[in-house]
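Everything below concerns the one structure shown next.
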Amino acid sequence: MALDKTFDPAAIEAKWYSHWETNGLFRPERPDATPYTIVNPPPNVTGSLHIGHALDNTLQDVVIRYERLRGKDALWVVGTDHAGIATQMVVERQMEARHDKRTNYSREAFVDKVWEWKHESGGTITCQLRRLGCSMDWSREQFTMDPHFTRAVVKVFVDLYNKGLIYRDKRLVNWDPKLKTAISDLEVETREIKGGFWHFKYPLADGVKRDDGLDYIEVATTRPETMLADMCVAVNADDPRYASVIDKEIVQPLTGRRFRIVADEHADPELGSGAVKITPGHDFNDFEVGKRAGIKPADMLNMFDAEALVVQAADGLIPEKYLGLDRFVVRDMIVADMKAAGMLIPHMTKDKDGEPVEVDAEPRTIQTPFGDRGGVVIEPWLTDQWYVNAAELSKAPLEAVRSGAIEIVPKSWEKTFFNWMENIQPWCVSRQLWWGHRIPAWFADDGEIYVAETEEEAQALAGNKTLSRDEDVLDTWFSSALWPFATLGWPEDTTLVQRHYPNDLLVSGFDILFFWDARMMMMGQAMTGQNPWPRLYLHGLVRAPDGQKMSKSKGNVVDPLGLIDQYGADALRFFMAAMESQGRDIKMDERRVEGYRNFATKLWNAARFCESNGIAASTSIAAPKATSAVNKWIIGEVVETLGQLDQAMADLRFDAAANAIYHFVWDQFCDWYIELIKGNFDEETKAVAGWVLDQILVMLHPFMPFVTEELWGALGDRPHYPLITASWPDPQASVDAEAKAEVDWLIALIGNLRTAKNELGIAPGAKLEAYLPEPSAQTRGVIERNPGAIERIARLSAVRFEAAPAGAAMQIGAGDASLIVPLEGVIDIASEKARLAKALEVSQKEAKSLEGRLNNPSFVEKAKPEAVEKARADHAMHAAEAERLSAALARLG
RNA sequence: GGGCGUAUAGCUCAGUGGUAGAGCACUAUGUUGACAUCGUAGGGGUCGCAAGUUCAAUCCUUGCUACGCCCACCA
């Protein structure tokens, strides 16, 4: 079949993808092959393909296609994540648009609606991954709320509970008042907010006075509203200002609540007034201070409901007027009320004219916690939640990374990993949502908790008590932490589990190192006793062309599907791979994607050329027998490229791998080999060219699956042997040094001739004669063996092995030979002299520099022998060249 | 406050203890048995700054500067 003149990606992508998928080629039956396994970071069902997915999945597909071609039983597990908060938000938002809301439904009815949504629109991203060409095993597509996955989640929860690694605790959590759920530390992001720092008087009770005569203590806060639940004031025991009032009491001005002044290390004499108001129920530090002061968590006063509206505290002392109001409204009221009561200490500042003025608060930039999903300020809130003992579970992963059982690539991330894991806090895993894995815990009337895999088992444990199941669900990351094994059928001991767990590699963005990767390590070790994978590859972010993070609000988002439409999936994939050097973010560069589209076209045309000259698919894995230098040379170049590619893949250097095949195709195969064989399509050359092209298609396939598969089919009739399941090259040949030297000499000669012609203004096509008196046998042989290259590419009508006639001529060097090309009447002597003089200067400069080094005794004595040897050889070469050039100059007079 | 990373050609980035490379852009050009989404030739860099180690530093060490990211309770 004849190939079209230009390559049209859109015309072949869909065709090949469905061919691969419907024929089960993403996971051919290879029961006897070595397994190779990657699990795909499950995208949220709510998601659509963004540029980060394109990078992440391209890298994985490059690896999995590479391993599949190498004959492994390659499995790329794919699926989606139920994404508790995100998905519930999507469905609730849709309800809002219809003036409807979640609470209009029963829990069951709402969850049904989410499932409905999932079935209708949850698969967007899986279609989009197909457009990128990703060769995942769709036949076993997973979902984190599949029944077997749920069983795994429940088992893990129960097992960890029984081992004491999951427990229920009352402590402060990060509460999202918008989503009305607890979230984990990782889901909190700190943002800088402009706020105020207010100073207040807290009067001492019972007429007590401080040593300095004051009858109050000054406290400062950025959150005045919490004073409604203040339970003490802390001062430092070493602070002389307050030594006399420790254990004395305060009367809080707004609530009238009496509480103690306590000594606590938390109070820093250097900060503010040195005295801190303590609200144990609404501040993480204060919680600890409160506990040290002997206040039990259960007795800590609470002043907020789930939406952070003010509610009456247990002691009933919060004034009526604040109740039911928003925390930020109450903040303003409290400042005003304290001010009216004379309890606000104003802050002195200067107005724009430099005049001193009083203001209520000192302006401050405050590090404020926000929920990463809800986007509102997090409220520390005292609740009962389920916790995972992360410190215990982190021990095995820490050891695994320390010992090298898990290799993190690039290594620089290890320190970050250690830093986080060594300081890990209990992981709050319960969420007050409806969409998710419901926690397998049942509460009895008497407060007892029963954790079991089923209600029946829980009831059996509880006897005849009445049980009600915990309403809460688990953090989404709890279930995705099981992804490496639960997707394979665990806890059943399936063949898949046996063969594919542990997995071989995990590829993920560094942004989910803590959320996901670290937790897979913890759960993997805790539940299976094995690390989920021996290798973790972390890639960076794809940034906008301006270097900023892409975001919808900035409007700088680049849509990968748009790039695929415009340049083809192959081009986008190649871009991602070629730009992926370890440890650096990728800046989006559409021109470069375009360049790789051009590369695909270049290959396309090279294949078209081969096809039109009767070069067809090869029939052997091993390189064909070759006798000509050009053919031996290109086989050697394949061997070298393959070596570079394999090494790069072993090192996970995607950029090096992509560049190796790119330069082989363009620079060696297209620019030289094809040019050199033009006009000489003998059987050997056709066999070699066909073989080389096949090797190119195989080596390039992991990066550019579509164009290579299309060409593979076009070049040979091999319908039952598609490229995707072909064999990785095994040339069974080596580099032929003599052939390489011969072709390198030709390339140098042709290059030097072209340069000289260009500089002397000689038409590139002009045919010239050359003289080479007293050639070495070697050089003469090369010239005689390659008449085509000499005539057609070097454009020399003849090379005479005799002295050149007198007259103007240019001198062309190649290796240690020097060709004289007479230019009588073609060019004036002055131009050639100038050209030679310039070249001579360069040679002399090089020679002189090397000479200087060689004349330095310490260099000769101390440098490595190879370095000295190389300097000597280079010096000899440049000196000889300089000599030839000055001889040529002399000849020109 | 801690930790990490990055500074190399106009732009985006590789790289090495022995005087620097790619892609794009730029200049000139269009002879060639596929390819103008192409070919050929060329210009362009005191490798952020300073000191140190070394026969030799863009590369190793230290300091500085700039930018970026992550973690952390300064009330």
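Letters A, B, ... are given to chains in the order of the sequence lines, protein chains preceding strands, and every chain is numbered from 1.
- Between the P atoms of G23(B) and C60(B), the separation comes to 26 Å (whole Å).
- Side-chain contact annotation: Asp682(A) with Thr685(A), donor-acceptor N/O pair under 3.5 Å present.
- Ranked by how close their nearest RNA chain B nucleotide is to the 5' end, Ala867(A) and Lys277(A) are led by Ala867(A).
- Residue Arg591(A) is classed as a sugar-phosphate contact, given heavy-atom separations below 4.0 Å to backbone atoms only.
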State the dot-bracket string of RNA chain B. Criteria: Watson-Crick or G-U wobble, both atom distances under 3.5 angstrom; notation: ( ) intrastrand, [ ] crossing earlier pairs, | interstrand, . unpaired. (((((((..((((....[..)))).(((((.......))))).....(((((..]....))))))))))))....
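- Put simply, CD1 on Ile586(A) is 20 Å from P on C11(B), counting in whole angstrom units.
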For nucleotides 71-73 of chain B, which of its nitrogen or oxygen atoms have a protein nitrogen or oxygen under 3.5 Å away, and what is each distance?
from, atom 1, to, atom 2, distance (Å)
C73(B), O2', Asn285(A), ND2, 3.4
C73(B), N1, Asn285(A), OD1, 3.4
C73(B), O2, Asn285(A), OD1, 3.1
C73(B), O2, Asn285(A), ND2, 3.1

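- Using a 4.0 Å heavy-atom distance criterion, Lys864(A) is classed as a base contact.
- If you take atom P in A14(B) and the same atom in A28(B), they sit 32 Å apart, rounded to whole Å.
- Separating the CD atom of Glu851(A) from the P atom of A56(B) is a distance of 20 Å, rounded to the nearest angstrom.
- In this structure, a donor-acceptor pair under 3.5 Å is absent between the side chains of Gln644(A) and Thr641(A).
- With P as the reference atom, G52(B) and A57(B) are 11 Å apart, rounded to whole Å.
- Taking atom C1' in both A20(B) and C47(B), one finds a spacing of 8 Å when rounded to whole Å.
- In this structure, Thr755(A) reaches the sugar-phosphate backbone alone: every heavy-atom distance under 4.0 Å involves primed, P, OP1 or OP2 atoms, never a base.
- With P as the reference atom, U61(B) and G45(B) are 29 Å apart, rounded to whole Å.
- Looking at Asp570(A), its side chain never comes within 3.5 Å of a backbone N or O of Phe703(A) through a donor-acceptor pair.
- Within the model, atoms CD1 of Ile696(A) and CG of Leu711(A) stand 10.5 Å from one another, a figure rounded to the nearest 0.5 Å.
- The NZ-P distance, from Lys411(A) to G3(B), rounds to 19 Å in whole Å.
- Counting non-hydrogen atoms under 4.0 angstrom, Asp268(A) reaches a base of the nucleic acid.
- Among all heavy-atom pairs drawn from Phe510(A) and Gly540(A), the shortest one is CE2-CA, 3.4 Å.
- The side-chain heavy atoms of Glu846(A) and Glu881(A), taken from C-beta on, include no pair separated by under 4.5 Å.
- Side-chain proximity of Ser581(A) to the nucleotides C13(B), A75(B), C4(B) is greatest for C13(B).
- Between the P atoms of A66(B) and G21(B), the separation comes to 33 Å (whole Å).
- Straight-line distance between the P atoms of U46(B) and G10(B): roughly 8 Å, to the nearest whole Å.
- A sub-4.0 Å separation between OP1 or OP2 of U19(B) and a side-chain N or O of Arg853(A) is present.
- To the nearest angstrom, C1' of C13(B) lies 15 Å from CG of Leu55(A).
- Going from atom CD of Glu580(A) over to atom C1' of G23(B) covers 17 Å, rounded to whole Å.
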What does the B/S/- profile of nucleotides 28-40 of chain B look like, 5' to 3', with a 4.0 Å heavy-atom cutoff to protein? ---B-BBBSBSSS
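- Residue contacts shown for Gly274(A) include a base, since a base heavy atom lies under 4.0 Å away.
- For the pair Asp589(A) CG and A25(B) P, the interatomic distance rounds to 11 Å; values are reported in whole Å.
- Nearest heavy-atom pair, Arg872(A) versus Val860(A), reported as atom, atom and distance to 0.1 Å: NH2-CG1, 3.9 Å.
- Cation-pi geometry between Lys678(A) and Phe609(A) is satisfied (NZ or CZ under 6.0 Å from the ring centre, within 45° of the ring normal).
- Between His199(A) and Glu362(A) the shortest side-chain heavy-atom distance falls below 4.5 Å.
- Proximity note for Arg584(A) (side chain, C-beta onward) versus C70(B), A75(B), U8(B): the nearest is U8(B).
- Between U12(B) and C55(B), the distance separating the two C1' atoms is 37 Å to the nearest Å.
- Remark: the backbone N or O of Ile615(A) is not paired with any side-chain donor or acceptor of Asn613(A) at under 3.5 angstrom.
- Atoms CG (Leu749(A)) and P (A41(B)) sit 13 Å apart, rounded to a whole Å.
- Met576(A) has its CE atom 13 Å from the P atom of C13(B), to the nearest Å.
- Seen from the ring of Phe859(A), Arg853(A) counts as a face-on cation partner, given the 6.0 Å and 45° thresholds.
- The aromatic rings of Phe574(A) and Tyr596(A) lie tilted to each other, with the angle between the two planes from 30° to 60°.
- Between Arg592(A) and Asp283(A), the residue anchored closer to the 5' end of RNA chain B is Arg592(A), taking for each the nucleotide with the nearest heavy atom.
- Ring geometry for Phe599(A) versus Trp666(A): interplanar angle under 30°, hence parallel rather than tilted (30 to 60°).
- When all heavy atoms are compared, the tightest approach of Gly765(A) to Arg795(A) is O-NE, 2.8 Å.
- Residue contacts shown for Lys587(A) are limited to sugar-phosphate atoms, with no base heavy atom under 4.0 Å away.
- A sub-4.0 Å separation between OP1 or OP2 of A75(B) and a side-chain N or O of Arg364(A) is present.
- Using a 4.0 Å heavy-atom distance criterion, Ala871(A) is classed as making no nucleic acid contact.
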